[in-house]
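See structure below.
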Amino acid sequence: MSDLLASDLITPDAGENPLLSQPSVSILKAAPLTRLSLRLRNQSVKDAGDAFGAALPVTPLGSSVSDKRAALWMGPDEWTLLAPEEELSAVFDAIEAKLSGQPHSLVDVSDRSEAIIVSGEKAEWLLRTGIFIDFSLDAFPVGTVTRTIFHKAPVLVWRTGDDTFVIEAWVSFMDYVSGLLMQSAQELEAA
Amino acid sequence: MLLVYCPYCQVERPETEFSCRGQAHIARPADPDTVSDEDWVEYLYLRDNTKGVYAERWRHIHGCGRFFNAVRHTVSDDFLAFYKAGEPMPDLDTLAKEAGK
Amino acid sequence: MSQPFRTEKGGRIDRGDQLTFMFDGEQMQGHKGDTLASALLANGVHLVGRSFKYHRPRGIVTAGSEEPNALVGIYRKGDQTPNLRATQVELYQGLEAISQNRFPSLSFDVGAVNDLLSPLFPAGFYYKTFMWPKSFWDRVYEPIIRAAAGLGRPPKNPDHDSYGNIYEHCDVLIAGSGPAGLAAALAAAETGAKVILCDEQAQFGGSLLSEANATIDGKAAGDWVSGTIAKLSAMDNVTLLNRTTAFGYFAHNYIALAERVTEHMSDPDPKLPRERLWQVRAKEVVIASGAIERPMVFPENDRPGILLADAGRTYLNRYGVKVGHKVVVATACDSAWQAAFDLNDHGVEVAAICDMRETPPESLVSIAKARGIRVEAGCVVTGTLGRKRIKAALIGRLMTSGQVASGGQIDCDALLMSGGWTPTVSLYSQSRGKVVWDQDKGAYVPGVSVQKERSVGGAKGLYGLQATLEDGYAAGEQAAKAATGKSAAVTRAVASGGEAGSGGTLGAIPHDRNPARVKAFVDYQNDVTAKDVKLAVREGMQSIEHIKRYTTTGMATDQGRLSNMNALQIASGALERPVTQVGLTTFRLPYTPTSFGLFAGVSRGDFFDPVRKTPSHEWAVENGGVFEDVGQWKRTWYFPKSGEDMHAAVARECKMVRETVGLFDASTLGKIEVVGPDAAEFLERMYTNPWKKLAPGRCRYGLLLNDAGFIVDDGVMGRLAEDRFHITTTTGGAPNVFATMEDYLQTEWPDLDVWITSTTEQYAVAAVQGPKAREVIAPFIEGIDLSAEKLPHMSVRECTFAGVPCRLFRISFTGELGFEINVPKRHGKMMWETLAKEIEKHNGVPYGTETMHVLRAEKGFIIVGQDTDGTVTPHDAGMSWAIGKKKHDFVGKRGLERPDLVAEGRKQLVGLLTKDPKVKLEEGAQITSRGAPKTGTPAEGHVTSSYYSPALDRNIALAIVKNGQALEGKTLYVPMPDGSIEVEVTSPVFYDKEGARLNV
């Protein structure tokens, strides 16, 4: 997968100033998205991917991206589906129609989380100020997505490029997450 | 902080992503009505407190959310096995011998 | 140059960069590259503190982090950091330091009288002396002890520094950068493994920095270090961390490092953290922490001017500082001889070398003689003279009888001692490894590795430069291989010089002095003498762990690195048991003192914990709302108008909700979407109530038990479709309910086709409650009929609110006509502001959590966790109606049938009315059947909720009372400090018992 495809879907919120803008790392608030939580049995994986427009990855921590669609592996029977904000109903209905009669759960969680885009050569370092994960490219290649803990808040981390990460947190945790990232980045400005 | 392997995510992650839920392989009786008071109390409250090799439940609560089981040596904190929920308990004595404990 | 003890040349200081600093108000000079200790010594200052108990004058003893005496306070930014070791404090321009534990000044200290009274302060003094009378402890003993004792003073202001944190993974972590550590780093790095090399000192190199003679690959040791560091720092796979102490070794190769980022700078950029915590997960660890020299335990071994021999050598070779002009060297091993020779090379007079050994190596003796140095073999130091600085050493000759014969005194201004070397096994010990006694080395060394680590060089008692280098290379190679499977050929450096010596002693040095009159210190910092250790044994302490605690030996900031072995030997002698049977105390973390700020990290102030805000937060702030913390949530408690106190505001809010309408932010309620063909079956199994017949569009109150039969949560379940429920949980219970449901789903009923998704944060929820509620929402709701007939109490509909998608519940937690409107969170602010404006038209009010509590209490609705405590069943709570009688099973059903849960005499939920309506009960107050119960009478129950009820204009309470349901109408008592309060037991429903107000 390429950085470009993800950035087609996850775009900086045009109405917002960057949360952080340094030569080595920046933090941008992402524009609203359609987010769906999809749960189903193995036999429905293919149909769901067809209906959604991006295959559901079955590799742990994997993601798949196609035109304005991303499917993120959250667990062995759980995916987060991302699509443009305005396509909520269309995507929801398409999947429901295709999976009719197949046991599944599709829930709109578009507003549950907010996303920020952390990018730059120090992005990986900045995440490691609060996340105990090995983000080296060998261990956490581009396309890897996982839920984890940032200091005391649950977050989702999705690497969309060598130096670009999408961080999602439940809305009420985002002030904490972005605030701590901004604070920890301060020392990069030190002389 | 222990390092725990999630058999679903297939990665090792720090203990803070997990929650430990006590002894593994304690099934809720299928037909509670037929269970005696003593057996129900046993099911509810009584757990082994093993010094040594012990199978326990973990949940990757801040990861994939899945429950799985792990065999841990309660003295050394070494993990000897991780396996998915629903899989049979490995032979603990064999694991202990392999690990030289 | 005003530094009388600075050498002419040499050392690794920058002589061109002169720095001015202050010590106890006196201005002095030093150089860049100095520590505070080396700069003080260059100025001839040895006296740097007073001892903890006896207030004896104390000087610098070591050149490392194990320093017991030279603890100083450093002033920065208007506050001071206490208890820093001067040997670790790097000098910078303008540094301001003060000595500690002296009053009024260092050279004249009134506490020194303790020294004269020392027979009164034996081991276990505190335990023995302050036992009686007990009441004296708080008021008399403790304040006096606290005033007289203590080291530095804690800072008074909040810490103005920031502290960083970084999580890191590596293949090989190497702690220590002496020869073994550097060789290990070279070998591991060459394989391409990801390597971290850390060292607590400012400069890498460890003992090599103090080396004046030995060479490696033909280069001076210091130059080889520089070259090696340059090579390593050019490698992408290597992280070099100087000023970084590996202070904790935890399970699964999790190592904590403390990096001191700015403390060596005179004017650091405020954006930099003072320290950074590195939390490292290493595949393999190489412990290269080296060894430290042991003091010799002879009488008066604590005078300023007495240092470890290797420290004397370090000050000379690394810092260009002579510890004195006339030095006596007391030793039991070879290595101290080199210190004497190095000092002699710089023109210091070595008055004598006193070696305990009858026949020290001839090679050393001949060098000494060639230099004209007096050698006293078979001699010990039996005491010292001087007060604030050593003036002379008393010499004694060891006789074959074991006695010591006086050998006169030798004048000196410094004494260097060496009792031999102790491997630093702290990190190994922290890794849960067990040390083993090595008879040849006379030391405890690391035994079997418990974790993936290996000790190298001095840390395992291996000495000699060449051997140490080779050990380091081998360990680095093995560690990298174990971590990555890769290996690489490394050219190994060859050393010349720095051969391993031999010798060493443990325990108290024999002497000819009156044992009752002299003190030979084992643990300088805690003022523990050889006598104290013996006394502890005489008084019955058998275990070394008990001796440690009784005497406090080994409990100093160095964790006993200097003192443990000597204390152990003394205890072993007193116990008449070999050292191996006495055992060694476990080295605990931290390896060196570590600041609280480092542990707190970013968790302070606004970021102490996540602060979760609701969609109405900003509006509430602007409108004067007062907040309360509910877990991590900030919820509006009440909305006072100007001049109103809480009581008045809540009374008004309650009144208006019942008379007109109120608006409440219920967004924090837990929400779970239960979806799948088996959704109803799942709820049927989880909750007490029946669900299968609940029609889409309807809601039902649900009670969640645990399998023991006790109430754990409650909420309202709305059925949106055959296969889709929107259920709510309590605010605090949301994560646990979700986890419990996942547990049953995944591990007990994996066959059910149903999944749960948390939607707590998907929706903003506004509760509109009161007779005018329908009128308030009507203008904004589209797509459904709001009439009582079409939308009865306990209904749910999907519709729109002001044009945005909405899930509308007709439910009530107040007893009034009520709606809860759920909209996607991004619209929450809009919804709140729209409704806040609309309620004004109906004379309505926004209300907070307190009013919510009062209104629900008037209706007898329980709050799980407040009116229940984990031992309350639905029957106890008067909620038997919520149990589906015909259900075959649900979580808690079998539990409810247990004998204890169906027995008579259980505590049950009741209402209480005080006889005097103005009296408000205290929540948590105990309830008794008599007005003046005898002490020890068990309580009948306790008050769980208590409020002033505006609707009833009196105080009301809920309580859990034994057999409560049968006591209605009876009088009970709530004993309080100023008398018992009479109460009448009532139904817990105080208001609108028939529920007429709901169905409108």
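So that the names make sense, note that chain A is the first sequence line, chain B the second, and so on, each numbered from 1. Values reported hereafter were calculated over all heavy atoms of this structure, with side chains retained and with hydrogens, waters and symmetry mates removed.
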**OP:** Begin with the C-alpha distance, continue with both residues' side-chain angles, and end with the deciding distance and a verdict on salt bridge (Lys or Arg N to Asp or Glu O under 4.0 Å) for Arg826(C) and Glu85(A).
**Re:** CA-CA 12 Å; Arg826(C) 78 189 82 170; Glu85(A) 181 185 16; 2.4 Å; yes
Original post:
Considering only heavy atoms, which portion of Asp678(C) lies under 4.5 Å from any heavy atom of chain A: side chain, backbone, both, or neither?
Top reply: neither
**OP:** Identify the two heavy atoms, one from Asp111(A) and one from Gln762(C), that lie closest to each other, and give their separation to 0.1 Å.
**Re:** N-OE1, 2.7 Å
Subject >> Where at least one partner belongs to residues 168-191 of chain A, residue pairs that pass ring-ring contact (aromatic ring centres under 6.0 Å, His included), sequence neighbours excluded >> reply: none
Original post:
Where on Leu277(C) is there a heavy atom nearer than 4.5 Å to chain A: the side chain, the backbone, both, or neither?
Top reply: neither
Subject >> Phe607(C) six-ring centre to Lys152(A) NZ/CZ under 6.0 Å and within 45° of normal >> reply: no
Original post:
Where does Val280(C) contact chain A at under 4.5 Å (heavy atoms): side chain, backbone, both or neither?
Top reply: backbone
Original post:
So which of His617(C), Arg281(C), Lys194(C) has the biggest tally of heavy-atom pairs under 4.5 Å with chain A?
Top reply: Arg281(C)
Original post:
Looking at Trp755(C) and Asp77(A), what are the two nearest heavy atoms and their distance?
Top reply: NE1-OD2, 3.1 Å
**OP:** Inspect the contact between Arg112(A) and Glu673(C) and indicate whether a charged nitrogen and a carboxylate oxygen are less than 4.0 angstrom apart.
**Re:** no
Original post:
Ion pair present between Asp753(C) and Arg41(A), side-chain N to carboxylate O less than 4.0 angstrom?
Top reply: yes
**OP:** Heavy-atom distances under 4.5 Å only: say whether Arg276(C) touches chain A with side chain, backbone, both or neither.
**Re:** side chain
Original post:
If you count heavy-atom pairs under 4.5 Å with chain C, which of His104(A), Glu189(A), Arg39(A) comes out on top?
Top reply: Arg39(A)
**OP:** Pick whichever of Pro270(C), Ser758(C), Pro805(C) has the most heavy-atom pairs under 4.5 Å with chain A.
**Re:** Ser758(C)
Original post:
Closest heavy-atom contact between Ile166(C) and Thr129(A)?
Top reply: CD1-N, 3.9 Å
Original post:
Given a strict heavy-atom distance threshold of 4.5 Å, which part of Ser162(C) is in contact with chain A: side chain, backbone, both, or neither?
Top reply: neither
**OP:** Verify whether the ring centers belonging to His169(C) and Phe135(A) lie closer than 6.0 Å.
**Re:** no
